[in-house]
Amino acid sequence: MMTEQIEEKMGRYEPSKIESRWQSRWEQDELYKAVIDESREKFYFLTMLPYTSGDLHIGHWYAMAPSDARARYLRMRGYNVMYPIGFDAFGLPAENAAIQRDIHPKEWTYANIENMRRQLRSMGAMWDWSREAISADPEYYRWTQWFFLRMYKNDIAYRKMSPVDWCPHCNTTLAREQVIGDNRVCERCKTPVIKKDLEQWFFRITDYAEELLNFDFIDWPDPVKVLQTNWIGRSEGARVVFKTEGGDEIEVFTTRPDTLWGATFMVLAPEHPLVEKITTPEQEQEVHAYTQEAVRQTDIERESLDKEKSGVFTGGYAINPVNGERIPIWIADYVLMTYGTGAIMAVPAHDQRDFEFARKFGLEIRPVILPEGFDSLDGELMEGALPEYGEMINSGPLTGTPADQAFDAAVAYLEERGTGRAAVNYRLHDWLISRQRYWGAPIPMLYCENCGIVPVPEDQLPVELPEDVEWKPTGESPLKFHPTWKNTTCPECDGPAERETDTMDTFMCSSWYHLRYLSPDYDQGPFDPGEYDYWMPVDTYTGGMEHATMHLIYTRYFHKVMRGLGVTEGPEPMLQLRNQGQILGPDGQRMSKSRGNVVDPDEQVANYGADAVRAYLMFGYRWTEGGPWNPDNIQGVVRWLNRVWSLVMETEDGEAGASGRELERSLQRKVHQTIRQVAQDLEQFEFNTVISALMELTNEILAANDKGMAGNPVFEEALDTLLLLMAPSTPHIAEELWSQRGRQYSIHQQGWPVFDPDLAAEEQITLIVQVNGKVRDRIEVPAEIAEDEARQLALGSEIVQRFMEGKEPRDVIYVPGRLVNIVV
RNA sequence: GGGGCGGUGGCGGAAUUGGCAGACGCUGCGGACUUAAAAUCCGCCGGUGGAGACACCGUGUGGGUUCGAAUCCCACCCGCCCUACCA
């Protein structure tokens with residue numbers, strides 16, 4: 001080490017030489033190991049764990065490196081920071097990749113992990129690797145299964161037959177959010193999705209819909225809150241029961257109970273269970289054909305966005321409960337089985353979709369609401385629906401009810417008669433967690449001929465995945481075809497039983513990884529309660545916005561469920577969330593292997609060093625926005641780091657440098673202004689200005705060096721401070737230069753430089769002088785100048801006099817420390 | 001149709017949140033060093049007019065509030081990303 005350092009003393013900045021050396025040293029010294037310390041304030045800094053898809057691209061770095069800088073800053077600020085890392089290792093891509101390459105998913109996944117660890121280490125982040133957790137480890141998914149059992153025993157997990165979206169290519173069910181686009185294709189392989197009925201496991205997430213809409217306890221970005229709110233999709237209205245002539249009940253949900261008297265027909269979704277029963281023999285053929293067509297349409301491709309309404313009369317009739325009218329029942333694909341009850345009352349006068357449908361099929365359009373500005377309405381003449389509220393008309397006993405009372409009056413009317421009630425409907429569905437796949441945590445349930453559905457006893461967990469399995473796609477869960485695995489004995493009756501062969505949605509695994517980090521080796525429970533009490537909740541969580549409606553809802557839900565079961569505590573798992581934007585390829589397109597525009601961090605590190613890559617990712621973008629990778633712009637930070645390097649290495653200290661009050665004050669001022677700014681910007685996730693402030697300070701120190709200040713204590717302190725301020729962002733070069741300056745190891749165990757507002761204060765300021773709001777002059781004045789004096793100086797300015805054109809000032813606005821505006 | 005994000009020099013972006021628009025960089029141009037190049041260093045770099053001092057214009061467009069607007073309000077235009085008949 002010594003000789004190496006001497007060699008480098010005169011050498012150039014070569015990141016590859018110093019970075020790996022310091023990384024090993026830090027690891028060897030367990031510098032970043034987070035240990036409970038009651039005497040210090042804790043900070044749990046979490047960044048979304050990577051999925052084990054092969055290797056990291058620069059986007060991972062973009063999420064993680066600035067987060068690391070902030071975590072390091074907080075640590076220097078005195079917080080006991082935990083910054084853990086792990087891997088989301090189960091899931092479909094692993095299995096698909098394994099199928100393509102004929103390699104076992106486990107082997108593939110763990111090889112990827114090995115590679116990703118190496119890549120992550122090259123970043124020089126302060127991860128506490130001793131807390132690493134991998135969701136595919138039996139010791140991890142043992143507890144995923146344990147959580148499932150808790151949910152099952154508390155009636156939160158339940159099984160039901162359910163039409164699910166099914167990808168014929170991937171041979172699996174898809175969550176609603178994995179079906180994308182107008183033509184309803186699989187998010188992964190773009191194959192059109194079809195419907196299939198299967199017995200599936202669900203979690204009752206809708207029970208928590210209301211609580212999930214409450215964001216009072218968390219500091220999360222508004223767009224995420226909006227996305228979650230829309231995803232949950234709460235709407236208030238009423239459920240109303242219509243009876244068919246055959247006596248069957250058809251329940252509908254409506255947000256407009258006040259329009260009930262205008263319901264002139266009903267529409268069922270083609271898949272509605274009553275369709276068959278209602279349909280008359282004469283209509284059977286037509287209805288059947290339409291139903292087939294509707295299924296085929298979701299199957300193949302949906303027509304244009306504004307496609308014409310289509311539908312078929314079933315031949316059946318229902319009775320409108322408010323006025324006893326007999327109204328026809330139709331089926332149409334604009335009514336969705338997946339929303340509300342799968343049936344609607346159609347009020348064509350006040351709903352545009354119903355209007356279009358009625359016009360096309362010649363059904364009655366009867367206005368029952370008179371919005372403001374209308375004297376009367378004639379259904380025959382209307383050109384479109386009128387969705388506004390208004391005075392109720394043609395509505396029996398409620399006719400004349402004003403707009404603001406219509407909703408409540410209608411609900412009260414329904415409730416009095418027992419034909420309906422106020423109701424809240426959510427777009428959110430219960431969470432379907434069954435996956436007909438191999439590479440996931442097995443659902444720990446058994447099916448016994450005698451005892452029925454039986455949970456695996458907790459002491460038999462984990463239900464381990466067998467490795468000798470044929471994981472190729474067959475259309476069913478591969479575990480079904482394992483010769484022995486699924487056969488077991490029932491823990492209740494000792495008779496033969498079969499294991500559940502579906503595995504869990506990986507979002508289940510990632511809903512609690514932040515808890516496993518607390519104590520990845522703990523075997524008495526999912527986590528060590530002592531660790532939980534100290535570290536939880538997560539103080540800052542960083543990651544991509546794309547998880548707003550999936551992971552980020554699931555993990556909140558999971559926490560709330562477990563709180564209900566006494567496992568976790570507090571209202572929310574993650575207090576502060578911040579989302580970074582996306583790094584695009586150099587061509588401005590989303591990075592993808594097929595486009596060939598993926599930026600490989602290994603290559604960038606090899607070319608420029610980890611510090612330069614980190615600094616560039618911080619400097620080049622607004623963190624929340626992201627943008628295209630620019631191979632030229634990174635040169636700017638490379639040059640900066642080189643300047644810092646030579647500044648430290650080529651400046652001899654110990655000599656008496658140039659001194660002088662002005663020189664010293666001016667450098668000190670910049671130093672303290674930079675301390676303030678870097679701290680503030682790191683706190684606020686404004687990473688680009690962190691680096692620009694550091695560059696400015698470097699420029700200032702360089703200028704001071706040119707003036708011969710090296711050796712002056714103020715200069716030396718400035719250099720030390722620069723390194724300390726750089727330490728969070730560019731940890732390797734900061735450590736190396738710190739050590740070259742003979743300072744005490746490690747820079748990452750130093751405190752954050754103390755900011756002194758007096759030293760940061762300007763003594764001279766430039767007072768802007770405006771005439772009628774336009775800048776006309778600038779006057780150098782002492783910072784603490786009195787208002788009167790400032791006004792005098794401004795009015796006395798020759799230039800100002802000229803622009804005042806001899807007029808008397810009507811008003812003079814004075815902003816201390818800023819400007820004087822003379823209004824004439 | 002609904003929702004989100006954004007629009008500032010040739011480019012990435014700053015602007016103490018209503019107070020000098022363009023910090024810090026990249027690119028480009030000019031110069032120094034070099035036999036030459038790279039690297040490095042110095043200078044210039046929003047537009048128009050002017051030899052110049054300087055003046056005028058300028059933050060997507062139009063209006064408004066204000067002593068003062070990139071920033072606040074209203075209307076509109078454009079781009080990107082979600083979402084999609086949500087009863």
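Numbers restart at 1 for each chain; the letters A, B, ... are given by sequence-line order, proteins then strands. In this text, all values refer to a predicted model and were calculated from it rather than measured experimentally.
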Practice problem: Tell me the partner of B/U65, counting only Watson-Crick (N1-N3 plus N6-O4 or O6-N4) or G-U wobble (N1-O2 and O6-N3) with both under 3.5 Å; none if nothing fits. | Solution: none

Self-check item: Between B/U71 and B/U16 - P atom distance, rounded Å
Solution: 13 Å

Quiz item: Between atom CD in A/E356 and atom P in B/G1, what is the gap in whole Å?
Solution: 13 Å

Exercise. Can you sort out the partners of A/Q589 under side-chain contact (heavy atoms from CB on, under 4.5 Å), two or more places apart, ordered by chain and number?
Key: A/D587, A/R595, A/N597

Self-check item: Gap in Å between the two P atoms, one belonging to B/A55 and one to B/G2, rounded
Solution: 49 Å

Quiz item: Say you pick atom P in B/G19 and the same atom in B/A84; how far apart are they, in whole Å?
Solution: 42 Å

Exercise. Go along nucleotides 13-25 of chain B 5' to 3' and tag each nucleotide: B for a protein heavy atom under 4.0 Å from its base, S when only backbone or sugar atoms are that close, - otherwise.
Key: SS-B--BBS-BBS

Quiz item: Whole Å only: how far is the CD atom of A/E546 from the P atom of B/U83?
Solution: 12 Å

Quiz item: Base, sugar-phosphate, or nothing for A/D351, non-hydrogen atoms under 4.0 angstrom?
Solution: nothing

Self-check item: Assigned glycosidic conformation for B/G6 [threshold 90° from 0]
Solution: anti

Quiz item: So what does A/V335 hit on the nucleic acid, given a heavy-atom distance under 4.0 Å: a base, only sugar-phosphate, or nothing?
Solution: base

Quiz item: Does B/U65 adopt a syn or an anti glycosidic conformation, taking syn as a chi angle within 90° of 0?
Solution: anti

Exercise. Under 4.0 Å from any atom of RNA chain B, heavy atoms only: list the residues of residues 219-227 of chain A that qualify, in numerical order.
Key: A/P223, A/V226

Quiz item: So what's B/G25 paired with, Watson-Crick or G-U wobble, going by both distances under 3.5 Å?
Solution: B/C11

Exercise. Look at the side-chain N and O atoms of A/R427 and state whether any lies under 4.0 Å from the OP1 or OP2 oxygen of B/G3.
Key: no

Practice problem: Can you tell me the distance, in whole Å, between the CZ atom of A/F407 and the C1' atom of B/A87? | Solution: 13 Å

Self-check item: Closest-nucleotide 5' rank along RNA chain B - winner of A/R256 and A/F803
Solution: A/F803

Quiz prompt | Point-to-point distance, once rounded to the nearest 0.5 Å, from CD1 of A/I583 to CG of A/N630 | solution = 10.5 Å

Quiz item: To the nearest angstrom, how far is A/E798 atom CD from B/A53 atom P?
Solution: 18 Å

Quiz item: Do A/E236 and A/R234 meet the salt-bridge criterion of a basic N to acidic O distance under 4.0 Å?
Solution: yes

Quiz item: Just checking, is any N or O donor in the side chain of A/S235 or A/N425 under 3.5 Å from an acceptor N or O on the other one?
Solution: no

Exercise. Whole angstrom is fine here: how far is it from CG in A/N230 over to P in B/G2?
Key: 13 Å

Quiz item: Which base sits across from B/C41 as a Watson-Crick or G-U pair, both distances under 3.5 Å?
Solution: B/G31

Quiz item: With rounding to whole Å, what would you report as the distance between B/C56 and B/U66 at their P atoms?
Solution: 24 Å

Quiz item: Which part of the nucleic acid does A/T624 contact within heavy-atom distance under 4.0 Å: base, sugar-phosphate only, or nothing?
Solution: nothing

Exercise. Would you check, one step at a time, whether the test salt bridge (charged side-chain N to carboxylate O under 4.0 Å, His left out) holds for A/R669 with A/E700?
Key: CA-CA 11 Å; A/R669 188 181 304 124; A/E700 198 90 358; over 6 Å; no

Quiz item: How far, in whole Å, is B/A21 from B/A38 if one measures between their C1' atoms?
Solution: 37 Å

Quiz item: Expressed in whole Å, how much space separates the P atoms belonging to B/G13 and B/G58?
Solution: 25 Å

Quiz item: In residues 577-590 of chain A, what residues come within less than 4.0 Å of RNA chain B, judged by heavy atoms?
Solution: A/R590

Self-check item: Ion pair check, A/D219 and A/R578, cut-off under 4.0 Å
Solution: yes

Quiz prompt | A/R791/A/D788 ion pair, N-O < 4.0 Å | solution = no

Quiz item: Is it true that A/R12 and A/E14 make a salt bridge, defined as a side-chain N closer than 4.0 Å to a carboxylate O?
Solution: no

Quiz prompt | Distance, rounded to the nearest Å, where A/D632 contributes CG and B/C11 contributes P | solution = 15 Å

Exercise. Using a 4.0 Å heavy-atom cut-off across all strands, classify A/N630 as base, sugar-phosphate, or nothing.
Key: nothing

Quiz prompt | Short side-chain donor-acceptor distance under 3.5 Å, A/Y616 and A/Y621 | solution = yes

Quiz item: C1' atom, B/C80 versus B/A23: distance in rounded Å?
Solution: 27 Å

Can I get a per-line list of side-chain donor-acceptor pairs under 3.5 Å for residues 770-784 of chain A, giving both atom names and the distance, sequence neighbours left out?
from, atom 1, to, atom 2, distance (Å)
A/N772, OD1, A/V824, N, 3.0
A/D777, OD2, A/S797, OG, 2.7
A/E780, OE2, A/T766, OG1, 2.8

Exercise. Can you tell me the pairing partner of B/C76 across any strand shown, Watson-Crick or G-U wobble, with both distances under 3.5 angstrom?
Key: B/G60

Quiz item: Considering heavy-atom distances to RNA chain B, does A/V823 or A/Y616 have its closest nucleotide positioned more toward the 5' end?
Solution: A/Y616

Practice problem: Could you please name the partner base of B/G1, counting Watson-Crick and G-U wobble pairs only when both distances are under 3.5 Å? | Solution: B/U83

Practice problem: Assess whether ring pair (Phe, Tyr, Trp, His ring centres under 6.0 Å) is satisfied between A/F357 and A/F265, documenting all intermediate values. | Solution: CA-CA 10 Å; A/F357 194 85; A/F265 59 101; 5.6 Å; yes

Quiz item: Separation of A/W231 atom CH2 from B/C86 atom C1', in whole Å?
Solution: 12 Å

Quiz item: Any idea which of B/A87, B/G3, B/C85 is nearest the A/Y334 side chain?
Solution: B/C85

Practice problem: First locate atom CG of A/N579, then atom OG1 of A/T542, and finally report the distance between them rounded to the nearest 0.5 Å. | Solution: 9.0 Å

Quiz item: When the ring centroid of A/F507 is compared with that of A/W431, is the distance short of 6.0 Å?
Solution: no

Practice problem: Examine the side chains of A/T698 and A/W640 and answer whether a donor and an acceptor come within less than 3.5 Å of each other. | Solution: yes

Quiz item: Whole Å only: how far is the CZ atom of A/R353 from the C1' atom of B/A84?
Solution: 12 Å

Exercise. For A/R776, report the nucleic acid contact type (base, sugar-phosphate, nothing); a contact means any heavy atom under 4.0 Å.
Key: sugar-phosphate

Quiz item: How would you label the contact of A/F687 with the nucleic acid (heavy atoms, under 4.0 Å): base, sugar-phosphate, or nothing?
Solution: nothing

Quiz prompt | Interatomic distance at P, B/C33 relative to B/G52, whole Å | solution = 28 Å

Can you give the donor-acceptor pairs under 3.5 Å from side chains of residues 676-695 of chain A to other protein atoms, not counting sequence neighbours?
from, atom 1, to, atom 2, distance (Å)
A/Q677, NE2, A/D681, OD2, 3.2
A/D681, OD2, A/T689, OG1, 2.7
A/E683, OE2, A/Y73, OH, 2.5
A/T689, OG1, A/E686, O, 3.2
A/S692, OG, A/T689, O, 3.3

